[in-house]
Engineer: 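Below is one structure. I have some questions about it.
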Amino acid sequence: MTVDLAEKILRLAAEHSGRRPEQVDRADIFGAGKLAGDDADEFLDAFIQTYGVDFTGFRDYLHYDGNEPPGWFRTSWGVGTDGKRLAIVPISLTDLVRAAKSGKWQMEYPAHRLVDRGRIYFWIFPLVVLCFVLLIAPWRASH
């Protein structure tokens, strides 16, 4: 029995998302499939290696949250020409099959600019903790 290309890609996505293939949303592999952070990066690396796809022009920040752990502090996103943050663009199984067959990522992106706040967000949490310790510790010691 042969497994078609779509099913192979679906299995690869399931392997990296920790789900069974039937649980992966074919219309939104990353978002609905909860594939983000290092898991998403590792899936794409495996996909590229397995199918020899050229991902030049791929904009990961428009498709999933690359942070670990995902969802804590989104540090990069696209902003459209109107100045509004762009919604996440779903990647379907069809998009991945098309890329595997052609050997090249084929998606047109809207005009946008990248906003990258990674360095700012990662300093906020330690600063909040430091302020908390400096303010609460003396207060607790006096009471």
Side-chain angles (χ1 to χ4, degrees), residues 1-140:
M1 175 163 100
T2 61
V3 178
D4 74 339
L5 180 59
E7 287 303 312
K8 287 179 182 178
I9 294 170
L10 196 61
R11 287 180 185 174
L12 186 64
E15 178 185 321
H16 287 275
S17 67
R19 295 171 172 255
R20 294 189 310 274
E22 62 272 11
Q23 293 176 309
V24 177
D25 186 332
R26 293 169 181 254
D28 187 2
I29 299 289
F30 289 81
K34 307 281 190 239
L35 195 54
D38 287 345
D39 294 336
D41 293 337
E42 290 167 6
F43 164 71
L44 285 175
D45 288 344
F47 178 79
I48 290 166
Q49 289 291 91
T50 302
Y51 300 103
V53 178
D54 174 7
F55 259 64
T56 303
F58 180 74
R59 304 291 179 250
D60 59 347
Y61 57 87
L62 291 178
H63 298 292
Y64 64 90
D65 183 359
N67 296 324
E68 274 300 323
W72 280 41
F73 292 111
R74 178 126 197 176
T75 59
S76 58
W77 55 86
V79 173
T81 56
D82 60 359
K84 294 182 180 176
R85 187 172 172 170
L86 296 176
I88 293 293
V89 177
I91 294 177
S92 69
L93 182 58
T94 303
D95 295 324
L96 294 170
V97 168
R98 185 181 314 115
K101 285 182 176 179
S102 70
K104 184 165 178 52
W105 180 247
Q106 301 177 41
M107 185 172 283
E108 296 287 325
Y109 294 107
H112 70 281
R113 64 183 170 83
L114 170 65
V115 174
D116 187 358
R117 309 265 174 161
R119 295 182 182 147
I120 293 171
Y121 283 116
F122 289 112
W123 284 103
I124 289 175
F125 183 72
L127 286 175
V128 168
V129 170
L130 179 63
C131 289
F132 181 77
V133 168
L134 292 175
L135 293 173
I136 298 300
W139 178 81
R140 289 202 63 184

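Owing to the predicted nature of the structure, the values given are computational and were not obtained by experimental measurement.
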Engineer: Run Y109 and H63 through ring pair (Phe, Tyr, Trp, His ring centres under 6.0 Å) and show every step you take.
Structural biologist: CA-CA 11 Å; Y109 294 107; H63 298 292; 5.4 Å; yes
Engineer: How long is the straight-line distance from NZ of K101 back to CG of L96, given to the nearest 0.5 Å?
Structural biologist: 12.5 Å
Engineer: So which heavy atom on P90 is nearest to which on I88, and how close?
Structural biologist: CD-O, 3.4 Å
Engineer: Taking the side chain as C-beta and beyond, is there a heavy-atom pair between L114 and S76 under 4.5 Å?
Structural biologist: yes
Engineer: Indicate yes or no: at least one non-hydrogen side-chain atom of I29 is less than 4.5 angstrom from one of S92.
Structural biologist: no
Engineer: Any non-hydrogen side-chain atom of R26 less than 4.5 Å from a side-chain atom of L10?
Structural biologist: yes
Engineer: Between Y51 and I9, is any pair of side-chain heavy atoms under 4.5 Å apart?
Structural biologist: yes
Engineer: Out of curiosity, H112 NE2 to D82 CG, how far, rounded to the nearest 0.5 Å?
Structural biologist: 13.0 Å
Engineer: Do D41 and F43 have side chains that approach each other closer than 4.5 Å (heavy atoms only, starting at C-beta)?
Structural biologist: no
Engineer: Hey, what do you get for CG (D60) to CZ (F30), rounding to the nearest 0.5 Å?
Structural biologist: 9.5 Å
Engineer: Any donor-acceptor pair under 3.5 Å linking the side-chain atoms of Y61 with those of D116?
Structural biologist: no
Engineer: Angle between ring planes, F47 versus F55, binned at 30° and 60°: parallel, tilted or perpendicular?
Structural biologist: perpendicular
Engineer: Hey, does V53 have a side-chain heavy atom less than 4.5 Å from the side chain of K104?
Structural biologist: no
Engineer: Working note: W105 + I91, criterion side-chain contact (heavy atoms from CB on, under 4.5 Å); need CA distance, chi angles, decisive distance, verdict.
Structural biologist: CA-CA 11 Å; W105 180 247; I91 294 177; 3.9 Å; yes
Engineer: I need the minimum non-hydrogen distance between A36 and D65, along with the two atoms involved.
Structural biologist: CB-O, 3.4 Å
Engineer: For the pair L35 and H16, evaluate side-chain contact (heavy atoms from CB on, under 4.5 Å) and give the outcome as yes or no after the intermediate values.
Structural biologist: CA-CA 7 Å; L35 195 54; H16 287 275; 4.1 Å; yes
Engineer: Which distance, rounded to the nearest 0.5 Å, do you find between the CD1 of I48 and the CG of D54?
Structural biologist: 8.5 Å
Engineer: Might you work through the side-chain contact (heavy atoms from CB on, under 4.5 Å) test for L62 and L86, ending with a clear yes or no?
Structural biologist: CA-CA 8 Å; L62 291 178; L86 296 176; 3.9 Å; yes
Engineer: Can a salt bridge be assigned to the pair E22 and R11 using a cut-off of 4.0 Å between side-chain N and carboxylate O?
Structural biologist: no
Engineer: Backbone N or O of R20 within a donor-acceptor pair of the Q23 side chain at under 3.5 Å?
Structural biologist: yes
Engineer: Applying side-chain contact (heavy atoms from CB on, under 4.5 Å), name anything that partners A27, two or more places apart in sequence or on another chain.
Structural biologist: D25
